[in-house]
Amino acid sequence: MSENIRYEDTFLYRIRHSLAHIMAQAVLEFYPDTKYTIGPPVENGFYYDFDLPQPISQEDLEKIEKRMRQIVAGQHPFIKKVISAEEARQIFQNQPYKIELIEGLEKGGFDEYGNPLDTKPEISIYQHDTFVDLCRGPHVENTKQINPSAFKLMSIAGAYWRGDEKNKMLTRIYGTAWEKPDDLKHYLQMLEEAKKRDHRKLGKELEIFTFDDEVGPGLPLWLPNGGILIEELEKLAKEMEERAGYQRVRTPHLTKEDLFLRSGHLPYYAESMYPPMELEEGVKYYIKPMNCPMHHKIFGARPRSYRELPLRLAEYGTCYRYEKSGELFGLMRVRSMQMNDAHIYCSEEQFEQEFMGVVELYKKYFDLFGIQKYVMRLSLHSKAGLGKKYVDNERLWLKTEDMVRRAMLNGGVPFVEAEDEAAFYGPKIDVQIWSAIGREFTLATNQVDFAVPARFDLKFVNKDGQEETPLCIHRAPLSTHERMIGFLIEHYGGAFPVWLSPEQVRVIPITDAQNEYAANLAAQLRARGIRVSADLGSERMNAKIRAAQMFKVPYMLVVGANEAAAGTVSLRMRDGAQLNNIPLAEFEARITDRITRRASEL
RNA sequence: GCCGACGUAGCUCAAUCGGCAGAGCACCCGCCUUGUAAGCGGGCGGUUACGGGUUCGAUUCCCGUCGUCGGCUCCA
């Protein structure tokens with residue numbers, strides 16, 4: 001099958017779309033006073049949003065699903081009819097959400113899902129059995145084309161009408177649907193596998209981080225193993241940034257209100273900030289949600305010459321953001337975070353090279369980690385958000401957006417564009433990734449700031465002796481420690497490459513007669529800077545191997561009487577491979593090689 | 001923040017209709033001396049998230065708070 005077929009044109013799309021209608025029919029039969037809204041196919045399935053007269057529970061899904069199978073078995077044709085707005089209003093006179101949609105269609109500019117549209121669409125309905133929906137299709141021709149054993153209702157969730165939190169909260173029912181029962185089975189198995197990779201589960205099992213109710217939601221406590229991951233990532237970042245000409249700075253976690261008033265964070269970003277502290281009358285302090293204002297102050301601390309540009313200031317700064325309670329998600333979305341932050345101050349002529357330099361840095365990191373599934377997204381402003389979400393200067397928005405777009409095209413880097421996703425101070429390239437359970441996150445980011453340097457009155461003197469305002473690039477190729485490590489835990493399924501592994505080697509004596517030999521081996525490796533432990537407990541060797549295996553330690557050195565006598569080790573690797581009776585020096589050479597190259601192989 | 005579900009030992013989970021709170025793993029102590037994913041025995045461990053209510057009696061029913069989970073909104 002060609003990969004170029006749009007989802008909308010696939011048979012699976014029709015199946016899912018049709019099942020959404022069938023589910024709506026079943027729900028309406030059980031709860032006749034239900035107002036129904038929209039029900040599109042989505043990745044892996046479909047949903048339908050209802051305004052129900054009463055709450056429903058997981059158990060109710062079973063009866064709905066059962067009724068859906070009956071409807072499918074009824075072999076009902078799906079019949080399309082193009083009608084006038086007037087007829088549509090007649091048919092859906094008791095369905096206020098449909099009336100709203102019809103008005104949108106009539107005016108043009110929106111499709112039946114409320115998405116913006118260039119052309120004025122025709123109004124059509126689809127009917128099967130007793131159910132009629134406002135819909136442009138496409139659908140299956142007949143419900144007999146749907147396999148009754150290849151779909152399943154998954155969950156109930158809340159969702160705002162038209163995705164706007166000011167609107168009413170509706171009840172959304174999610175279902176998954178496939179062409180064949182085996183596809184469904186496969187998908188459900190994949191979900192189970194994904195749960196095993198979930199960083200919240202692995203992070204606990206591998207003792208990487210924990211949360212505590214008394215510390216507070218979204219405030220992770222890094223355990224010693226997490227501390228090691230952080231140290232290794234910082235070492236990596238510092239090496240890469242030093243080579244790329246960055247300088248390291250450090251700034252406080254707190255600043256006076258004045259700084260965030262100047263930066264514009266307070267008007268634009270206030271709802272994500274912790275409330276102010278006021279010790280002296282009239283002097284408010286905020287805990288920082290971003291590092292940029294302080295870096296701007298460092299740039300502005302003395303006059304700057306064009307000869308200094310690009311000036312690249314880097315800091316693994318800790319920031320605090322008051323994320324709404326429901327938005328928290330393990331390590332991936334937290335309230336305290338340490339950012340792989342840097343700000344690059346450059347002239348307009350230098351912009352493209354600097355911006356692409358950052359994109360190159362992303363790519364190096366992504367190669368190193370073997371991250372392949374990601375999308376680079378050019379995040380743009382929206383006209384409607386100007387002066388609210390976004391700095392009110394449309395000319396500069398369009399100009400910088402075009403600069404970024406040109407840079408990406410010139411660099412041959414594939415990207416998608418997304419309106420209304422920009423930072424308040426400028427457009428950005430976000431790298432989108434997915435958590436194990438399929439939630440989308442921005443990992444790395446590379447942002448242009450055309451607004452804030454001027455607010456800070458930042459200047460440099462150009463070749464002609466004239467003052468110019470620099471552009472600022474905000475970038476975080478390694479995201480925050482929290483999100484990056486959360487992602488890496490899932491990406492590797494907890495089996496980190498040797499250089500990142502909190503415990504790189506575990507020495508396992510076969511009987512306690514080898515305890516001393518094992519302890520000596522560990523001491524020798526430790527002296528080489530290798531993270532090693534010797535398991536000298538009273539368990540049997542097999543139990544110790546199992547424990548090391550479940551802790552995903554990359555190398556196990558199993559030593560018995562033979563090894564102790566010969567001064568060798570028996571190497572068992574995490575993947576089950578074995579190298580018996582090798583000299584310690586040989587193992588040392590192997591592990592040192594893997595660590596210094598930050599190699600992915602064992 | 002909003003809709004819904006859930007909260008029992010460090011972890012994973014039991015406990016019938018409202019009737020003395022239990023298991024495995026982990027941990028500690030013994031015994032066994034073992035060749036590549038769990039040897040055996042014993043012990044410790046609980047204000048059933050927190051606060052209130054109903055009841056002779058609440059892990060169980062009701063209310064509130066906190067937290068977690070599935071989504072929505074929002075985001076590094």
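Source: prediction; values computed, not measured. Throughout, protein chains are lettered first and strands after them, A, B, ... in sequence-line order, and every chain is numbered starting at 1.
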Applying salt bridge (charged side-chain N to carboxylate O under 4.0 Å, His left out), name anything that partners E241(A), two or more places apart in sequence or on another chain. R248(A), R475(A)
When all nucleic acid strands are considered with a 4.0 Å heavy-atom cut-off, which category describes Q514(A): base, sugar-phosphate, or nothing? nothing
Within this structure, what is the CG-to-C1' distance between L170(A) and G4(B), rounded to whole angstrom? 13 Å
Qualifying side chain to side chain donor-acceptor pair (under 3.5 Å) pairs, either residue in residues 551-562 of chain A, two or more places apart: none
Is a salt bridge present between R333(A) and E323(A), judged by a nitrogen-to-oxygen distance below 4.0 Å? yes
Counting the atoms with a prime plus P, OP1 and OP2 as sugar-phosphate, which does A547(A) contact under 4.0 Å by heavy atoms, base, sugar-phosphate, or nothing? nothing
At their closest point, which heavy atom of F46(A) faces which heavy atom of A177(A), and how far apart are they? CE2-CB, 4.0 Å
Between D164(A) and K166(A), is there a donor-acceptor pair closer than 3.5 Å when you use the side chain of the first and the backbone of the second? yes
Members of residues 204-220 of chain A that approach RNA chain B, where some heavy atom sits under 4.0 Å away: K204(A), D213(A), P217(A)
Quick one: what's the B/S/- string for nucleotides 69-76 of chain B, heavy-atom cutoff under 4.0 Å, read 5' to 3'? SBBBBBBB
Protein-nucleotide distance (I545(A), atom CD1; A37(B), atom P), rounded to Å: 6 Å
Are R335(A) and Y322(A) in a cation-pi setup, meaning NZ or CZ lies under 6.0 angstrom from the ring centre and within 45 degrees of the ring axis? yes
List for me each residue that meets salt bridge (charged side-chain N to carboxylate O under 4.0 Å, His left out) alongside K388(A), sequence neighbours excluded, and say none if there are none. none
Is a salt bridge present between K428(A) and E421(A), judged by a nitrogen-to-oxygen distance below 4.0 Å? no
Please report, rounded to the nearest Å, how far the P atom of G4(B) is from the CG atom of D60(A). 13 Å
Neighbour count >12 (heavy atoms, 6.0 Å) for atom NZ, K168(A): no
Aromatic plane relationship, Y425(A) with H474(A) - under 30° parallel, 30 to 60° tilted, over 60° perpendicular: parallel
Could you go through nucleotides 61-64 of chain B and list every protein N or O atom that sits under 3.5 Å from one of its N or O atoms, giving the distance for each pair?
none

Shortest non-hydrogen contact from F551(A) toward L206(A): O-CD2, 3.8 Å
Nucleotide C11(B), atom P - distance to CZ of F551(A) in whole Å: 15 Å
For residues 199-224 of chain A, the salt bridge (Lys or Arg N to Asp or Glu O under 4.0 Å) pairs (sequence neighbours left out) are D198(A)-R200(A), K201(A)-E205(A)
Any chance you could lay out the ring pair (Phe, Tyr, Trp, His ring centres under 6.0 Å) test for Y374(A) and F366(A), step after step, and finish with the verdict? CA-CA 9 Å; Y374(A) 65 88; F366(A) 282 35; 4.8 Å; yes
Expressed as a whole number of Å, how far does the P atom of C44(B) sit from that of C29(B)? 15 Å
Distance, rounded to the nearest Å, where L557(A) contributes CG and G35(B) contributes P: 19 Å
Please tabulate the protein-to-nucleotide N/O contacts below 3.5 Å involving nucleotides 23-25 of chain B, giving atom names and distances.
none

Minimum heavy-atom distance F450(A)-P427(A), with the two atoms named: CE2-CD, 4.0 Å
Between G35(B) and N580(A), counting only base atoms on the nucleotide and side-chain atoms on the residue, is there a donor-acceptor pair under 3.5 Å? no
Quantified in whole Å, what is the C1' atom distance between nucleotide U34(B) and nucleotide A21(B)? 39 Å
Using atom P in both nucleotides, what's the gap between U60(B) and C72(B) to the nearest angstrom? 33 Å
When you compare G18(B) with A58(B), how far apart are their C1' atoms, in angstrom units rounded to a whole number? 6 Å
Please check if the number of heavy atoms outside E516(A) that lie under 6.0 Å from its CD is greater than 12. no
Can you name the residues that form a side-chain hydrogen bond (donor to acceptor under 3.5 Å, both in side chains) with Q58(A), not counting sequence neighbours? none
Here the distance between atom C1' of U36(B) and atom CG of L602(A), to the nearest Å, is 16 Å
Over 12 non-hydrogen atoms of neighbours within 6.0 angstrom of CD in Q54(A): yes
Please enumerate all protein N or O atoms sitting under 3.5 Å from an N or O of nucleotides 29-34 of chain B, with distances to 0.1 Å.
residue, atom, partner, partner atom, Å
C32(B), O2, R540(A), NH2, 2.5
U33(B), O2, D512(A), N, 3.4
U33(B), O2, D512(A), OD1, 3.4
U33(B), N3, D512(A), OD1, 3.1
U33(B), N3, D512(A), OD2, 2.8
U33(B), O4, D512(A), OD2, 2.8
U34(B), O2, R540(A), NE, 3.4
U34(B), O2, R540(A), NH1, 2.3
U34(B), O2, R540(A), NH2, 3.2

With rounding to whole Å, what would you report as the distance between C6(B) and A49(B) at their C1' atoms? 12 Å
I'd like to know whether CD of E43(A) has more than 12 heavy-atom contacts from other residues, nucleotides or ligands below 6.0 angstrom. no
If I pick the C1' atom on C32(B) and the same atom on U16(B), what distance separates them, to the nearest angstrom? 42 Å
Applying side-chain contact (heavy atoms from CB on, under 4.5 Å), run through F496(A) and L229(A) and close with a yes or a no. CA-CA 10 Å; F496(A) 296 105; L229(A) 292 170; 3.9 Å; yes
Between C1' on G39(B) and CZ on R546(A), what's the gap in Å once rounded to a whole number? 14 Å
Give me the stems containing RNA chain B, sorted by first residue, counting only three or more consecutive Watson-Crick or G-U pairs with both distances under 3.5 Å; say none if there aren't any. B:1-7 with B:66-72, B:10-13 with B:22-25, B:27-31 with B:39-43, B:49-53 with B:61-65
What interatomic distance, in whole Å, is found between C1' of G39(B) and the corresponding atom of U33(B)? 11 Å
For residues 575-584 of chain A, which side-chain donor-acceptor pairs fall under 3.5 Å, sequence neighbours excluded?
residue, atom, partner, partner atom, Å
D575(A), OD1, A577(A), N, 2.9
N580(A), OD1, S570(A), OG, 2.7
N581(A), OD1, T568(A), OG1, 3.1

Could you tell me the separation between the CZ atom of R506(A) and the C1' atom of A37(B), rounded to a whole number of Å? 13 Å
Distance between C1' atoms of G22(B) and G46(B) (Å, rounded): 11 Å
